[in-house]
Amino acid sequence: MIDDLGNNRAEADALFRVSYPLTLSVLPHLSNSAEIAEEAHRRGYEVLLHLPMASTGGEKDEPIELHSGMDSSAVTQTFAAMLETVPYAVGVNNHEGSRGTSDTKLMGEIGGGVRIIPLLREHKLFFVDSRTTPATVAETAAHSAGVPATSRNVFLDDERSVAAIQKQFVRAVRDAREKGSALAIGHPHPETLQVLSEMLPEIERQGVTLVFASDLVR
């Protein structure tokens, strides 16, 4: 999965040259969000809404995000507006969200109020927990509500060097071999695209298959 698309069309075009089944997660309300989502869908990639959520830092990471303390109608309206700007989204993963995904009131369904996970069920969307905090309750809340979900195994490019990304890529392949599957998240950095272009053909020769995120949810 490649996160943080929506603002830079050149980054998206570079990704479109990677002819493997990538899942592209698009931030809402950016200048090219809808255009990139539509083009990704047309080219056969899987599209997700990269859902901005509050982090533990306290400052907003995006101008519009879901955060603790929002009432049901605000969550519903904000989410619907985000989703409109990312056409063809079949699922959601959190952008930041270390505070949001650990908030049981925001993620779950408390006292009949509508929150994030019930909204995903209503829109028939799956959830990928980016696991930006060990305290996350997101995947558990999703499964409890009958929403298909899975979690990230490896971040590819926290360190933006080819050598570091190669090391994380190898770790993801090892996890896939040991556990049957693994979900790796990266970003549209030139270094990440270089590693993907070089290593995806090699793992395919080794019998490891790249699949969409939707193939990993349960």
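Numbers for residues simply follow the sequence, beginning at 1. It should be emphasised that the depicted structure is a prediction, and the values quoted were computed from it without experimental measurement. Keep in mind that the numbers below use all heavy atoms, side chains included, and drop hydrogens, waters and symmetry copies.
- One hydrophobic cluster, built from ILVMFWY side chains closer than 4.5 Å, holds both Val147 and Val137.
- Of all heavy-atom pairs spanning Glu65 and Ala54, the tightest one is OE2-CA, 3.7 Å.
- Judged by distance alone, the side chain of Ser33 and the main-chain N or O of Leu27 form a donor-acceptor pair under 3.5 Å.
- When side chains are defined from C-beta on, Val154 does not count as touching Phe169, because their heavy atoms never get closer than 4.5 Å.
- Hydrophobic cluster membership differs between Val92 and Tyr88, with clusters built from Ile, Leu, Val, Met, Phe, Trp and Tyr side chains linked at under 4.5 angstrom.
- Sorted by first and then second residue, the side-chain hydrogen bond (donor to acceptor under 3.5 Å, both in side chains) pairs with a member in residues 39-49 read Thr23-Glu46, Glu39-Arg42, Glu39-Arg43, Glu46-Ser214; sequence neighbours excluded.
- Contact detail for Ala182 and Asn153: the closest heavy-atom pair is CA-OD1, 3.3 Å.
- Remark: the backbone N or O of Val75 is not paired with any side-chain donor or acceptor of Thr78 at under 3.5 angstrom.
- Taking OG of Ser72 as the reference point, atom CD of Gln77 lies at 10.5 Å (rounded to 0.5 Å).
- Within the 4.5 Å cutoff, the side chain of Val90 has heavy atoms near those of the Phe126 side chain.
- None of His95, His29, His50 except one satisfies the side-chain hydrogen bond (donor to acceptor under 3.5 Å, both in side chains) rule with Glu62; the exception is His95.
- A donor-acceptor pair under 3.5 Å is absent between the side-chain atoms of Asn94 and the main chain of Leu51, judged by distance alone.
- With hydrogens and angles ignored, the 3.5 Å screen pairs no side-chain donor or acceptor of Ser130 with any backbone N or O of Thr132.
- Between Ile117 and Ala142, the shortest heavy-atom contact is CG2-CA, 3.7 Å.
- Here the OG1 atom belonging to Thr56 is positioned 6.5 Å from the CZ atom belonging to Arg99, to the nearest 0.5 angstrom.
- Of all non-hydrogen atoms in Gly6 and Val26, the two that sit nearest each other are CA-CG1, 4.0 Å.
- Listed here is the closest heavy atom pair of Ala213 and Met1: CB-CE, 3.9 Å.
- Using a distance-only test at 3.5 Å, with no hydrogens or angles considered, no donor-acceptor pair links the side chain of Thr192 to the main chain of Pro188.
- Taking 4.0 Å as the cut-off between side-chain N and carboxylate O, Asp13 and Arg9 count as a salt-bridged pair.
- There is a path of hydrophobic side-chain contacts, each under 4.5 Å, that joins Val173 to Leu196.
- Considering OG1 of Thr150 and CD of Glu139, their distance stands at 5.5 Å, rounded to 0.5 Å.
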Show, in sequence, the C-alpha distance, side-chain angles and deciding distance for Leu183 and Ser151, and conclude whether the side chain to side chain contact (heavy atoms under 4.5 Å, CB included) test is met. CA-CA 7 Å; Leu183 196 150; Ser151 293; over 6 Å; no
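- By the criterion of side-chain heavy atoms lying less than 4.5 angstrom apart, applied directly or through intervening Ile, Leu, Val, Met, Phe, Trp or Tyr residues, Leu125 is grouped together with Leu49 in one hydrophobic cluster.
- Expressed to the nearest 0.5 Å, how far CG of Asp4 lies from NE2 of His187 amounts to 4.0 Å.
- A donor-acceptor pair under 3.5 Å links the side-chain atoms of Arg152 to the main chain of Arg131, judged by distance alone.
- The main-chain N or O of Ala74 is found under 3.5 Å from a side-chain atom of Asp71 such that the two form a donor-acceptor pair.
- Heavy atoms from other residues, nucleotides or ligands lying under 6.0 Å from CZ of Phe212 number more than 12.
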Evaluate the criterion side chain to side chain contact (heavy atoms under 4.5 Å, CB included) for residue pair Ile185 and Asn93; output intermediate values, then yes/no. CA-CA 10 Å; Ile185 293 180; Asn93 77 308; 4.2 Å; yes
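- Here the CD atom belonging to Glu204 is positioned 8.5 Å from the CG atom belonging to Leu210, to the nearest 0.5 angstrom.
- In this structure a side-chain-to-backbone donor-acceptor pair under 3.5 Å is missing from Thr136 to Thr133.
- Here the shortest heavy-atom pairing between Phe127 and Val217 reads O-CG1, 4.4 Å.
- Counting heavy atoms from C-beta on, the side chains of Gln194 and Glu191 never come closer than 4.5 Å.
- A single hydrophobic cluster is seen to contain both Val208 and Met199, as judged by linkage of ILVMFWY side chains at heavy-atom distances under 4.5 Å, directly or through other members.
- Using a 4.5 Å heavy-atom threshold, the side chains of Arg218 and Pro148 count as separate.
- One finds the CD1 atom of Ile116 at 3.5 Å from the CE atom of Met53 (value rounded to the nearest 0.5 Å).
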Residues Val47, Leu24; criterion side chain to side chain contact (heavy atoms under 4.5 Å, CB included); working and verdict: CA-CA 5 Å; Val47 177; Leu24 306 185; 5.5 Å; no
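- Side-chain atoms of Arg121 come within 3.5 Å of backbone atoms of Ala145 as a donor-acceptor pair (strictly under, hydrogens ignored).
- Within the 4.5 Å cutoff, no side-chain heavy atoms of Pro21 are placed close to those of Val211.
- Panel note: side chain Asn7, backbone Leu30; no donor-acceptor pair is recorded below 3.5 Å.
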Go through Leu156 and Val195 one step at a time and tell me if the side chain to side chain contact (heavy atoms under 4.5 Å, CB included) criterion holds. CA-CA 10 Å; Leu156 291 175; Val195 171; over 6 Å; no
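- Here the side chains of Gln166 and Glu198 are in contact, with some heavy-atom distance below 4.5 Å.
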